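One structure is given below, encoded as structure tokens.
Since we're looking at a predicted model, the values are computed, not measured. For the numbers below, each heavy atom of this structure counts, side chains included, while hydrogens, waters and symmetry mates do not.
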Amino acid sequence: MIPRYARPAMTKIWEPDNRFRIWFEIEAHACDAMAGLGIIPREAAKAIWDGGAKAMAALKADPAGNVEKIDAIERVTKHDVIAFTTAVAEKAGPSARWLHFGLTSSDVIDTAQALQMRDACDLILESLRALMAAVRDR
């Protein structure tokens, strides 16, 4: 996005730290579902949520620094999702072996992008409603 033309709320939807937050939630919810089916241990799903919460708190506290950390891992792995799961695994401990289990990168990326598009469309619709109201008032 070109910063001078982008609205802050729209920019926030597409920022890397938001994308990583969504990726984490997809991964953690998948772990919950697999734990519910008995595929992975329930304790592992909980540890992933707890460790991921620490990773997401660090990301929120220092978005640029933590995004750069993930980017640095990606420069070595040459894979965005592996870089992300590696960074989360550092906080989740041994249970992180179940992170991304049974998923493809496309499962995570495509789902996250769909959620970001939904959020962007919601923002556009909200703006259109405000515009329609302003036109109606005129």
Side-chain angles (χ1 to χ4, degrees):
M1 289 191 175
I2 300 170
R4 71 176 173 260
Y5 298 123
R7 295 170 43 204
M10 185 64 78
T11 300
K12 181 64 185 151
I13 292 169
W14 297 102
E15 286 180 345
D17 59 313
N18 189 52
R19 180 179 69 240
F20 293 142
R21 181 191 58 77
I22 296 168
W23 285 9
F24 169 69
E25 289 180 4
I26 292 164
E27 294 275 2
H29 283 296
C31 288
D32 279 345
M34 286 187 278
L37 294 170
I39 297 170
I40 71 169
R42 280 200 185 280
E43 310 79 52
K46 183 181 180 334
I48 287 167
W49 274 107
D50 293 345
K54 291 176 193 168
M56 293 304 104
L59 186 61
K60 187 174 184 177
D62 180 15
N66 285 286
V67 168
E68 175 51 39
K69 179 179 181 178
I70 295 168
D71 289 345
I73 296 168
E74 184 178 354
R75 284 191 290 277
V76 173
T77 63
K78 309 284 192 242
H79 197 284
D80 52 355
V81 177
I82 290 173
F84 169 74
T85 56
T86 300
V88 173
E90 291 175 1
K91 304 282 187 191
S95 293
R97 67 179 263 203
W98 299 106
L99 188 65
H100 201 68
F101 182 78
L103 299 175
T104 67
S105 296
S106 293
D107 292 332
V108 177
I109 293 169
D110 294 351
T111 303
Q113 195 166 45
L115 293 171
Q116 288 174 290
M117 287 189 296
R118 178 209 57 195
D119 293 346
C121 287
D122 286 348
L123 184 61
I124 291 167
L125 288 172
E126 180 183 307
S127 298
L128 285 172
R129 284 187 204 95
L131 174 62
M132 289 176 9
V135 168
R136 203 172 20 254
D137 290 348
R138 290 231 171 215

Measure from the side-chain N and O atoms of Asp119 to the backbone N and O of Ile13, and report whether any donor-acceptor pair falls under 3.5 Å.
no

Working to the nearest 0.5 angstrom, can you tell me the gap between Arg19 CZ and Trp14 CH2?
10.0 Å

Atom NZ of Lys54: over 12 foreign heavy atoms under 6.0 Å:
no

Distance check, rounded to the nearest 0.5 Å: Ile124 atom CD1 versus Leu131 atom CG?
13.0 Å

What residues, two or more places apart in sequence or in another chain, satisfy salt bridge (charged side-chain N to carboxylate O under 4.0 Å, His left out) together with Arg75?
Glu68

Do the ring planes of Trp49 and Phe24 sit parallel (below 30°), tilted (30 to 60°) or perpendicular (above 60°)?
perpendicular

I need the minimum non-hydrogen distance between Cys31 and Ile40, along with the two atoms involved.
O-CD1, 3.5 Å

Looking only at heavy atoms, what is the nearest atom pair of Ala83 and Ile73, with distance?
CA-CG2, 3.5 Å

Same cluster or not: are Ile22 and Ile82 linked, directly or through other Ile, Leu, Val, Met, Phe, Trp or Tyr residues, by side-chain heavy atoms under 4.5 angstrom apart?
no

Answer yes or no: is there an ion pair linking Lys46 with Asp50, defined by an N-O contact shorter than 4.0 Å?
yes

Pair Glu25 + Arg21: basic N to acidic O under 4.0 Å:
yes

For Leu99 versus Ala89, what's the shortest heavy-atom pair and its separation?
CD2-N, 4.5 Å

Donor-acceptor pair, side chain of Asp107 and main chain of Thr104, under 3.5 angstrom:
yes

Glu43 CD to Ile48 CD1 distance, which is reported to the nearest 0.5 Å:
11.5 Å

For residues Met56 and Asp17, determine if any side-chain heavy atom of one lies less than 4.5 Å from a side-chain heavy atom of the other.
no

Between Arg7 and Leu123, is any pair of side-chain heavy atoms under 4.5 Å apart?
yes

Could you walk me through whether Glu90 and Lys69 pass the side-chain contact (heavy atoms from CB on, under 4.5 Å) test, one step at a time?
CA-CA 12 Å; Glu90 291 175 1; Lys69 179 179 181 178; 2.6 Å; yes

In this structure, would Trp98 and Leu37 fall into the same cluster of hydrophobic residues linked by side-chain contacts under 4.5 Å?
yes

Separation of Gln113 CD from Arg118 CZ (nearest 0.5 Å):
13.5 Å

Would you say the side-chain atoms of His79 and Glu74 include a donor-acceptor pair closer than 3.5 Å?
no

Shortest non-hydrogen separation from Lys91 to Ala55 and the atoms involved:
CG-CB, 3.8 Å

To the nearest 0.5 Å, what is the distance between CD on Glu27 and OG1 on Thr85?
6.5 Å

Which heavy-atom pair separates Ala45 from Asp32 by the least distance, and what is that distance?
CB-OD1, 3.7 Å

Rounded distance [0.5 Å steps], CD1 in Ile109 versus CG in Leu103
11.5 Å

Side-chain contact test, heavy atoms from C-beta onward, threshold under 4.5 Å: evaluate it for Asp80 versus Phe84 and give yes or no.
no

Inspect the contact between Arg129 and Glu126 and indicate whether a charged nitrogen and a carboxylate oxygen are less than 4.0 angstrom apart.
no

